[in-house]
Amino acid sequence: MQARAFGGISVVNAVPAWLGSTMAINLVVSVEIEEGDGREEGLIGYVLSYLRNAYSLPPLRVKVYSSLPQGGGLKSSSAVTVALIEAVSRLFNLRLDPPFLSAKLSLEGGFSLTGAYDDAFAAYRGGVSLTDNKSISLLKHLQPPEGLVFLVVPKEGRTADPRLLRRYSKTFEAIFQLALQGKLLEAMKINGVLVAEILGYDLSPIEVALSRGAIAAGVSGNGPSIFAACNEGDEGPVEDSLSRYGRVVRVEAVRIEGEDLQGQG
Ligand SMILES: Nc1ncnc2c1ncn2[C@@H]1O[C@H](COP(=O)(O)OP(=O)(O)O)[C@@H](O)[C@H]1O
Ligand SMILES: O=C(O)C1=C[C@@H](OP(=O)(O)O)[C@@H](O)[C@H](O)C1
């Protein structure tokens with residue numbers, strides 16, 4: 001059995017105020033499971049052993065195919081967890097809620113600071129999630145802004161301590177209000193620049209991208225990956241300037257498929 005989930009770019013980092021927003025992107029994680037003996041450790045092992053105990057499941061072997069850097073701020077952990085839970089749910093007909101369980105287990109197991117329900121929801125459903133991670137609830141689910149190209153410089157090997165963000169909870173609450181008002185790109189830009197500043201990342205790629213015409217740019221998640229949002233057709237100079245800092249990948253925001261009015265308003 002196989003299931004997929006999306007990576008994402010942060011609109012608002014949930015670490016400071018437990019209020020988060022993530023935009024799904026078309027970098028995909030695919031998880032395949034089959035019955036058989038596997039020795040899984042870390043996040044995957046934790047999630048598997050919870051599911052096996054809770055639903056009396058047989059041993060499972062897991063294969064992960066991922067286009068996301070691990071620990072890079074592009075939401076790999078939520079994408080892997082959500083895809084794994086969805087695959088288990090389908091294989092054993094369990095009707096699980098993958099984003100909810102991902103958030104619960106990731107927080108309980110110490111794999112994230114807030115459970116990252118924002119990331120998990122976007123990973124599962126696409127679009128832009130706005131969530132309260134403390135109560136594991138969805139506040140809004142929006143279509144992403146149109147006519148934009150997103151450039152990403154994927155990086156792994158985080159050295160910054162994301163707990164430093166907690167001192168700024170009031171500021172990030174205010175950024176979250178912007179996102180709730182639908183000002184997603186404004187929120188994305190202020191969040192991305194502030195996270196870079198607070199966690200001590202190099203601001204120069206972000207400043208260069210903004211000076212070359214990017215509408216928003218910054219660090220995604222807790223970094224170190226960087227993103228820039230550009231009007232379609234205007235991305236050339238931004239792409240050139242970012243290429244000095246690493247491999248630049250063009251990605252698209254993932255739209256919500258089908259009718260979805262949950263939490264709109
Ligand atoms: N391809 C993968 N295979 C196995 N585990 C993965 C994979 N990608 C991510 N993970 C898990 O997610 C963790 C990274 O999560 P985290 O530090 O929150 O960064 P991110 O911003 O990428 O979500 C890894 O330490 C690992 O446990
Ligand atoms: O630990 C957490 O709860 C979170 C980590 C960050 O994501 P990354 O793990 O992608 O850095 C952040 O953007 C997210 O809103 C919540």
Side-chain angles (χ1 to χ4, degrees), residues 4-25 27-33 38-48 61-85 87 99 102-123 128-134 136 138-139 152 154-166 168-169 172-173 175-176 179 187-188 191-192 194-196 198-199 201 218-227:
R4 300 184 334 150
F6 305 113
I9 296 175
S10 289
V11 179
V12 185
N13 190 312
V15 170
W18 291 75
L19 298 166
S21 174
T22 299
M23 184 190 79
I25 55 173
L27 295 181
V28 169
V29 167
S30 171
V31 171
E32 241 175 61
I33 55 165
R39 272 181 208 85
E40 302 298 342
E41 295 173 341
L43 176 65
I44 292 180
Y46 185 83
V47 172
L48 266 188
R61 247 196 305 270
V62 180
K63 275 189 200 148
V64 179
Y65 305 92
S66 173
S67 49
L68 296 166
Q70 292 193 35
L74 296 174
K75 322 307 180 185
S76 72
S77 68
S78 296
V80 167
T81 311
V82 157
L84 173 62
I85 296 168
S102 169
K104 173 184 144 66
L105 296 177
S106 152
L107 185 62
E108 277 175 13
F111 296 99
S112 72
L113 293 172
T114 72
Y117 187 56
D118 48 343
D119 301 346
F121 194 90
V128 179
S129 64
L130 288 96
T131 65
D132 179 346
N133 292 359
K134 200 158 244 170
I136 317 189
L138 178 72
L139 303 179
V152 169
K155 287 183 190 293
E156 43 191 25
R158 181 180 300 146
T159 50
D161 180 358
R163 287 172 300 183
L164 288 172
L165 294 166
R166 286 177 171 156
Y168 302 86
S169 61
F172 282 83
E173 258 176 55
I175 303 171
F176 189 77
M188 215 175 208
N191 176 80
L194 258 186
V195 170
I198 296 167
L199 296 186
Y201 290 113
V219 161
S220 180
N222 298 325
S225 300
I226 288 166
F227 74 92

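Just so you know, ligand 1 is whichever comes first in the structure, and atom 1 is the first atom listed for that ligand.
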Practice problem: Give a yes/no verdict on whether any heavy atom in Gly20 is under 4.0 Å from an atom of ligand 2. | Solution: no
Quiz item: Would you say Ser77 contacts ligand 2, with heavy atoms under 4.0 Å as the rule?
Solution: no
Which segment of [X] sits under 4.0 Å of ligand 1 when only heavy atoms are counted:
| X | result |
| --- | --- |
| Leu74 | backbone |
| Pro69 | backbone |
| Ser76 | both |

Quiz item: What protein heavy atom sits nearest atom 11 (C) of ligand 1, and how far away is it?
Solution: Leu43 CD2, 3.8 Å
Quiz prompt | Part of Asn222 with heavy atoms under 4.0 Å of ligand 2, whether side chain, backbone, both or neither | solution = both
Between the candidates [options], which shows the shortest non-hydrogen contact distance to [atom]?
| atom | options | answer |
| --- | --- | --- |
| atom 16 (P) of ligand 1 | Gly42, Gly71, Ser106 | Gly71 |
| atom 15 (O) of ligand 1 | Ser77, Gly8, Ser30, Pro154 | Ser77 |
| atom 2 (C) of ligand 1 | Glu41, Glu40, Arg158, Gln70 | Gln70 |

Self-check item: Distance-only donor-acceptor check, side chains Lys75 and Ser220, under 3.5 Å
Solution: no
Quiz item: If you measure only the distance, is there a donor-acceptor pair under 3.5 Å linking the side chains of Asp119 and Thr22?
Solution: yes
Self-check item: Distance-minimising heavy-atom pair for Phe172 and Val12
Solution: O-CG1, 4.0 Å
Practice problem: Could you go through the side chain to side chain contact (heavy atoms under 4.5 Å, CB included) check for Leu199 and Leu165 one step at a time? | Solution: CA-CA 7 Å; Leu199 296 186; Leu165 294 166; 4.0 Å; yes
Self-check item: Sub-4.0 Å atoms of ligand 1 with respect to non-hydrogen atoms of Ser66
Solution: 1 (N)
